[in-house]
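Here the structure is laid out as structure tokens; the discussion comes afterwards.
In the text below, chain A, chain B and the rest are named by the order of the sequence lines, each starting its count at 1.
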2 protein chains.
Amino acid sequence: MAKKILPLNVPDEVELAFYEALQSGDIEQLMGCWADAEEVVCVSPGGPRLIGKPAIRQVFDAVFSNGPVRIKAHKVHRIQTDVMAVHSVLEGVELMANDAPQTVWVWATNVYARQPEGWRLVSHHASTASDEHISESAGGSQLLH
Amino acid sequence: MAKKILPLNVPDEVELAFYEALQSGDIEQLMGCWADAEEVVCVSPGGPRLIGKPAIRQVFDAVFSNGPVRIKAHKVHRIQTDVMAVHSVLEGVELMANDAPQTVWVWATNVYARQPEGWRLVSHHASTASDEHISESAGGSQLLH
């Protein structure tokens, strides 16, 4: 599995591999996208903060036990340096509700670091977005900060 | 105002300045924490994705028109390189509900980049955390992914 996604020479390649792994429910490919570093961190909508690959693997194993995730990445916004990259992504996650597919929108911030073996994910933070806020525009209502 | 927070020689200094600015409702100090780059990005709980300092300033101006934000940063988890740093933070935001203070918990991912003038914020992503998930431990329930 790991061979399939290596060497991930640019952040876009590891991002593609990450979303493909979610779409196919492939835990080995998913974990291969993360840096081998104790401090990697993951926050999913409604979930705890997961630190380290074992905690992340445990949760995605549970997610994939229900099948793959019908997810697509949209509106990728990139901040890039030579050694680290930040991608802000609008994820569309298709869920079944009352026997009908429904898209839940999620903002995700993916941070990638250049490792000796290629680019890898070091932080994934995802949170649900309201339908009226999935555009880029500013709006000052009901923000905590 | 800007003199007060410059030069921000390490990520922790700009993080401290950022939360102090929220606590004091100081828009100039807050904006001084952000990198002068078109691609800076901010997602607040329930809000849109804001790209660029003008959009960010507009929203925080609106937030501060209701007064400062009673916010404290806890449980800072750091990923650090020479030029970029990721801090995952548990924010406690005190709000008034039914005339009684109530703490809302928020996960925030703050990404800092080393700029010629010092370390600056390039991405802030904050989302509400449920009370049962503000520990570090893993839990596999009800995650979108």
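Other residues, nucleotides and ligands contribute at most 12 non-hydrogen atoms within 6.0 Å of the CZ atom of A:R70.
At a 4.5 Å heavy-atom cutoff, the contact between A:V83 and chain B is made by side-chain atoms alone. Both the backbone and the side chain of B:V122 come within less than 4.5 Å of a heavy atom of chain A. Only the side chain of A:S130 comes within contact range of chain B, with at least one heavy atom under 4.5 Å from a heavy atom of that chain.
Aromatic ring orientation, A:H124 versus A:W34: perpendicular (interplanar angle above 60°, classes split at 30° and 60°).
Of all heavy-atom pairs between A:M84 and B:V86, the closest is SD-CG2, 4.2 Å. Contact detail for A:P11 and A:Y112: the closest heavy-atom pair is CB-CD1, 4.1 Å.
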